Amino acid sequence: MQKIIQLMSEELEKAFENAGYDPRFARVVASNRPDLCEFQCNGAMAAKKTYKKAPIEIAKDVAVQLEGSDVFSKAEAVMPGFLNLDLQESWLAEYLTKMSEDPELAVQKVENPRTVIVDYGGPNVAKPLHVGHLRAAIIGECLKRMGRRLGDTVIGDVHLGDWGLQIGLIITELHERQPDLVYFDENYTGDYPEEAPFTIGDLEEIYPAASARSKEDEEYRNRALQATAELQQGRRGYHALWEQIMKLSVADLKENYRKLDVTFDLWKGESDVQKYIPDMVKKMQDDGFAYEDQGAWIVDVAEEGDAKQIPPCMLLKSDGASLYTTTDIATLLEREQIYHPDEVLYVVDKRQELHFVQVFRCARKTGIVRDETELNFLGFGTMNGKDGKPFKTREGGVMRLEELIGDINKEMYKKIVENRSVRDKDAEETAAIVGLSAIKYGDLSNQATKDYIFDVERFTSFEGNTGPYLLYTIVRIRSILERYEEAGGNAETCVLLPAEGKSEKDLMLQTARYNEALSGAYADKAPHRLCAYIYELANDVNTFYHEHRILAEEDTARQQSWIALMTLVRRVMLDAIDVLGFSAPERM
RNA sequence: GCGCCUGUAGCUCAGCGGAUAGAGCAACGGUUUCCGGUACCGUGUGUCGGAGGUUCGAUUCCUUUCAGGCGCGCCA
């Protein structure tokens, strides 16, 4: 279905044409003075130059054309040239009726569906997920869901950090601790044991220990680099160890992402594209893009007009090993070959922007990525604590995601059991559902590109612009609908009538804007705009709820209309939070 | 040094060229014949960091300046 704003614009276009003006000035936007009108058109002021006429005269000419309109109940020309518009209640009710008959809730699919790969994981194997991975997961998952809801084919890739020095470090540290392991015996030719010589817990301790030591102990670091190179060259024992690390890590990561309700279609990683690198580099050398500099192979990516010197892309280090950049370019190569995406979107910490500028330029310049393929980078800001500094544990360490989720759920549980309506056996499950809404909504309601303050108190509050507040509103609506049906009513057959009061009309107007809000948020890759929409919708619901006692209403037709409205609003809210990436409990 | 991002109410944030710059929190005061009061309604607060410019009109676009954060070839 078309957006109400479009339908209104079309109606206004006719009026502009009939009055002898160019219809392109007839753009309708939401009013920024809700006390004066519901919608407005500023086209008369923009048309001033074209027609060399006072804007107010143009607005008046148009307003005359709208007398007796089915769509507008008011079209008023106001100085200096605003056109103030109110919607016809009956027209609005008709729109909402169609919307509720539509399984898609009037959401208009994109005209030309595209294939979009969203790269939004980036966790390293052998390292637990920490708060740094939270934003990528939450924002990326939301963009994926928005895209799918609007008709694009979206492929989510976790893109594991499963190659490179970090693996070399683990191997080196393990060698240090358990030198007798068969994996280190270069003469061994038999099968390696099925059981890993470590647990995920061991790995999580080994890696930071090795990483710390490599920063102080140069000889140790060199051994790790050596191990990395040998792994890349295919040393059997190391490869078998790597497989063990992968097996444990991926299972653990999947479990953690599951708790966040985040899923990936692809569990690809840096290791998957190593096979492309030799040929890829060779081709770049043959084509004259890559050249040797101080023993390393690099590609220039500076362009004319750059405000600053963009450093070249390094493909191979002087020791012949590949790098992060090399892997990312090879990943683009594979993605082009297998998926032919229309867009590849990276949801990554904004501090990596320069890296991606280099990767994108190099991939384009060398012909790895087609000209038509859009390459985008959505850099998100840092998640800070209440002190405005990067979020840490009380002890000052990096906070693990599990710990953070655990804290939030505990807090939610406390609040929920204070309310006696929830039976104990459900309380924990409910706390997890509401807790997830607190975390995700707290993140998504902030602009992705900016840093934000993660405030547990605020995010878990049932008051204000929070996830729990939205869920509470949904639960309340559900409660009414349930009681209505228990009393013998049938919500499905209820018919919507034109609004009578202000809070009722406001709620209907806001409900009708869902299509617009969702499309706008996706087009701008801005989940916070969808959040703002649902929050306003929830406010409108609560205001309406407070003014009208639906179940006690004696006018049956009016009551049924309200039930129909509540049913529709609830569907919209559930649809919207699903797009954001969380769900609502039955009670809370 | 160069570059990027940010600066809006006491705090956390919206505001994507238009009328009187808005929410939430916090503070204070109301609303209960109550479908879940974890709600609703009301009250107060702003040199939109500063200075120029473009425009009929600038928080929004441009220039400059101040403050903070971040990034700048052999880590990822």
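Order of the sequence lines sets the chain letters (A, B, ...), proteins ahead of strands, with each chain counted from 1. All of these numbers come straight from a predicted model, not from anything done at the bench.
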- Item | Pairwise C1' distance for B/U32 and B/C40, with rounding to whole Å | 11 Å
Rounding to the closest angstrom, what is the interatomic distance between B/G15 and B/G29 at atom P? 34 Å
- Task: Considering only atom P, compute the distance from B/U55 to B/G1 and round it to an integer number of Å.
- Result: 35 Å
Taking a pair to mean Watson-Crick or G-U wobble geometry with both distances below 3.5 Å, B/A67 pairs with B/U6
### Task
Determine the Euclidean distance between corresponding P atoms of B/G57 and B/A23; express it in Å to zero decimal places.
28 Å
Next item on the list: Rounded to whole angstrom, note down the P distance from B/C5 over to B/G37.
Entry: 48 Å
Polar pair under 3.5 Å, donor/acceptor by atom type, side chain A/T543, base B/C40:
no
Polar side chain donor-acceptor pair, A/E270 to A/Q274, under 3.5 angstrom: no
Do A/L471 and A/F582 make a side-chain contact, defined as non-hydrogen atoms from C-beta onward lying under 4.5 Å apart? yes
Of the listed B/G73, B/G37, B/C34, the closest approach to the A/R549 side chain comes from B/C34
Between A/T325 and A/M314, the two heavy atoms sitting closest are CB-O, 3.8 Å
Taking B/G36, B/C40, B/C74 as options, the one with an atom nearest any side-chain atom of A/M314 is B/C74
Note to self: Between B/C11 and B/C48, how far apart are the two P atoms, rounded to whole Å?
What the structure shows: 16 Å
Using only heavy-atom distances, decide whether a donor-acceptor pair under 3.5 angstrom links the side-chain of A/R529 to the base of B/C16. yes
With the side chain defined as heavy atoms from C-beta on, A/K308 is closest, among B/C35, B/G73, B/C72, to B/C72
Fill in: Gap in Å between the two P atoms, one belonging to B/G18 and one to B/G52, rounded
23 Å
For A/F16 and A/A26, the nearest pair of non-hydrogen atoms, with its separation, is CD1-CB, 3.4 Å
Can you see if the side chain of A/S461 gets near the phosphate of B/G24 - specifically, an N or O under 4.0 Å from OP1 or OP2? no
**Asked** Hey, is the side chain of A/R221 poking within less than 4.0 Å of OP1 or OP2 on B/C75, counting only N and O atoms?
**Response** yes
Shortest non-hydrogen pair, A/V301 vs A/P311, comes out as CG2-O, 3.5 Å
*If we take the P atom in both B/A9 and B/G46, what is their distance in whole Å?*
11 Å
B/G24 -> Watson-Crick or G-U wobble partner, both distances under 3.5 Å, gives B/C11
Glycosidic torsion of B/G46 (syn if within 90° of 0, anti otherwise) classifies it as anti
Of B/C35, B/A39, B/G36, the nucleotide closest to the side chain of A/V475 is B/G36
Out of B/A39, B/G15, B/G73, minimum distance to the side chain of A/H528 belongs to B/G15
- Task: Check whether the aromatic ring of A/Y472 stacks on the base of B/A39, taking stacking as ring centres less than 5.5 Å apart and planes within 30° of each other.
- Result: no
Of the candidates B/C56, B/C74, B/U38, the side chain of A/K48 sits closest to B/C56
Out of B/C75, B/C4, B/G37, minimum distance to the side chain of A/R476 belongs to B/G37
Mate of B/G46 across any strand shown (Watson-Crick or G-U wobble, both atom pairs under 3.5 Å) is none
Applying the 3.5 Å cut-off to both distances, the Watson-Crick or G-U partner of B/C56 turns out to be B/G18
A/Y484 OH to B/C35 C1', in whole Å, measures 13 Å
Confirm from the modelled atom types if A/E270 and B/A76 form a donor-acceptor pair under 3.5 Å, side chain to base only.
no
Side-chain atoms of A/M45 come closest, of B/G18, B/C40, B/A23, to B/G18
Among the nucleotides B/G73, B/G7, B/G36, whichever has the atom closest to the side chain of A/D293 is B/G73
(request) Start with the C-alpha distance between A/D22 and A/T50, add both sets of side-chain angles, then the distance that settles side-chain contact (heavy atoms from CB on, under 4.5 Å), and finish with yes or no. (result) CA-CA 9 Å; A/D22 192 330; A/T50 310; over 6 Å; no
Side-chain donor or acceptor of A/D306 paired with backbone N/O of A/E303 under 3.5 Å = yes
Here the distance between atom P of B/G68 and atom OH of A/Y452, to the nearest Å, is 25 Å
